[in-house]
Amino acid sequence: MELVSRTATFGGEIRRLKHRSEACDCDMTFGVFLPPQAQRGPVPALLWLSGLTCTDENFMIKAGAQRVAAELGLAIVCPDTSPRGTDFPGEHDDYDFGSGAGFYVNATQAPWSANYRMYDYVTRELPALVEAELPVNGKWGISGHSMGGHGALICCLKNPGKYLSVTAFAPICNPSNGGWGQKAFINYLGEDRNDWAEYDAAVLIGSAEEKLPLLIDQGTDDEWLSDQLKPGSLEQAAIASHYPLTLRMQEGYDHGYYFVATFIEDHLRHHARALS
């Protein structure tokens, strides 16, 4: 790994690191916050997946998570949201598809299938690299925001035993029935909706082999609430399958990082209880 930058904060440090990804067949950059406890030995880690248009830096800069993570002895790993530098036709034309919008799937359609394999990257390659090269102990929680919340849900639901905790902020809960998800799935996965179901939390939750308590915060003033995010679909599926979901509708909050920053402490403490 190549060290891009290192910044001290709350007794720990934030590192930006670059490496060659086999899954995505390109150079990838990710961020990690290492708490002060990591100077004495390996610590548990939270994998944070960011939303549309974001990079590895958005959460680190905007969420205000480092103070509480330092108190709890929790590392935070923040990957990018898509491959970079591939420059396929149309890749950079829209905010909701292509660059910055990998949707945490393994694309099966050309040309995207050559590089857009973010599911393998965040569930296999990156955690293995972090465990091999950084002071983390192999205990993982997972969380994310918006598209990243979708990613956190599907990664957890598809990988029983891999994570000890899961939360999400304003996740895309039923992407097969929303414009963002349909656009991504058609282009990355093709027209067969059966293939989409493999990456749709509202579908996956009904057959989950493991039922980790799931905490979701959602703002009531989120402009994307009804058209794109559809938490009600996930809630109904969770009730039907007796999945332990706590969906907190936060009055007056929108979709942005002020919302995330307001409730991030609750989520970090939720993860720390499971990871410790």
Side-chain angles (χ1 to χ4, degrees), residues 33 35 43-51 59 63-65 68-69 71-79 104 119 122-123 127 136-175 197-220 222 225 229-251 253 255 259-276:
F33 169 71
V43 296
L46 174 66
L47 182 66
W48 174 270
L49 305 182
S50 290
F59 179 85
V68 177
E71 173 196 333
L72 298 172
L74 186 63
I76 304 175
V77 179
C78 297
Y104 305 104
Y119 177 78
V122 300
T123 60
V136 300
N137 63 14
K139 294 181 178 181
W140 288 90
I142 190 166
S143 187
H145 173 227
S146 192
M147 179 187 72
H150 143 78
L153 297 181
I154 64 165
C155 290
C156 180
L157 292 169
K158 288 166 67 69
N159 292 277
K162 187 173 187 65
Y163 308 99
L164 298 179
S165 55
V166 57
T167 69
F169 289 82
I172 304 172
C173 295
N174 188 200
E198 291 296 314
Y199 297 103
D200 191 317
V203 177
L204 294 170
I205 200 168
S207 57
E209 296 180 21
E210 181 182 44
K211 296 185 176 182
L212 294 179
L214 170 57
L215 171 63
I216 292 178
D217 276 310
Q218 171 64 62
T220 61
D222 191 322
L225 176 56
L229 306 178
K230 301 183 182 297
S233 297
L234 184 71
E235 185 176 36
Q236 291 174 10
I239 291 171
S241 60
H242 305 288
Y243 193 101
L245 166 64
T246 300
L247 174 60
R248 307 194 306 187
M249 300 301 296
Q250 303 293 358
E251 190 69 30
Y253 285 89
H255 195 69
F259 158 62
V260 174
T262 301
F263 301 105
I264 191 64
E265 180 170 352
D266 290 352
H267 287 240
L268 293 176
R269 294 191 183 280
H270 175 97
H271 289 285
R273 285 191 293 272
L275 295 170
S276 63

Looking at [atom1] of [X] and [atom2] of [Y], how far apart are the two atoms once the value is rounded to the nearest 0.5 Å?
X	Y	atom1	atom2	result
Leu204	Glu209	CG	CD	11.0 Å
Tyr199	Leu157	OH	CG	13.5 Å
Cys156	Leu47	SG	CG	11.5 Å
Ser143	Asp217	OG	CG	9.5 Å
Cys78	Leu46	SG	CG	8.0 Å
Leu234	Leu153	CG	CG	6.5 Å

Determine whether [X] and [Y] make a side-chain contact, defined as any pair of heavy atoms from C-beta on separated by less than 4.5 Å.
X	Y	value
Ile264	Val68	no
Thr246	Ile216	no
Thr123	Tyr104	no
Asp200	Asn174	yes
Val43	Pro35	yes
Leu229	Asp222	yes
Trp140	Leu164	no
Leu74	Leu275	yes

Worksheet item: Does the ring of Tyr163 carry Lys139 above it, NZ/CZ under 6.0 angstrom from centre and within 45° of its axis?
Response: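 Ring-cation test returns no.
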Discussion item. Determine whether Gln250 and Thr220 satisfy the following criterion, side chain to side chain contact (heavy atoms under 4.5 Å, CB included), listing intermediate values before the conclusion.
Written reply: CA-CA 6 Å; Gln250 303 293 358; Thr220 61; 5.9 Å; no
Worksheet item: When the ring planes of Tyr253 and Phe259 are compared, do they come out parallel, tilted or perpendicular, using 30° and 60° as the limits?
Response: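 Because their plane-to-plane angle lies in the 30° to 60° range, the rings of Tyr253 and Phe259 count as tilted.
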Worksheet item: In terms of the angle between their ring planes, are His145 and Trp48 parallel, tilted or perpendicular, with boundaries placed at 30° and 60°?
Response: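 Taking Trp48 first and then His145, their aromatic rings lie parallel (interplane angle under 30°).
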Item to complete: For ring-ring contact (aromatic ring centres under 6.0 Å, His included), just list the numbers for Phe169 and His267, CA-CA rounded to whole Å, side-chain angles, deciding distance to a tenth of an Å, and then say yes or no.
Response: CA-CA 9 Å; Phe169 289 82; His267 287 240; 3.9 Å; yes
Locate the shortest heavy-atom distance separating [X] from [Y]; write the atom from each residue and the value.
X	Y	value
Leu49	Ala152	CD1-N, 3.6 Å
Pro231	Gln218	CG-CG, 4.3 Å
Tyr243	Glu210	CE1-O, 3.7 Å
Ala237	Ala202	CB-O, 3.4 Å
Ile76	Ala69	CD1-CB, 3.8 Å
Pro44	Gly73	CD-O, 3.7 Å

Discussion item. The test is side chain to side chain contact (heavy atoms under 4.5 Å, CB included); show your working for Leu215 and Phe263 and say whether it passes.
Written reply: CA-CA 11 Å; Leu215 171 63; Phe263 301 105; over 6 Å; no
Worksheet item: Is it true that Arg269 and Glu71 have a side-chain N and a carboxylate O under 4.0 angstrom from each other?
Response: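 Looking at Arg269 and Glu71, the cut-off is met.
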Worksheet entry | side-chain hydrogen bond (donor to acceptor under 3.5 Å, both in side chains) between Thr167 and His270, intermediate numbers included | CA-CA 8 Å; Thr167 69; His270 175 97; over 6 Å; no
Practice prompt. Given side chain to side chain contact (heavy atoms under 4.5 Å, CB included), test His150 with Cys173 step by step and report yes or no.
Written response: CA-CA 6 Å; His150 143 78; Cys173 295; over 6 Å; no
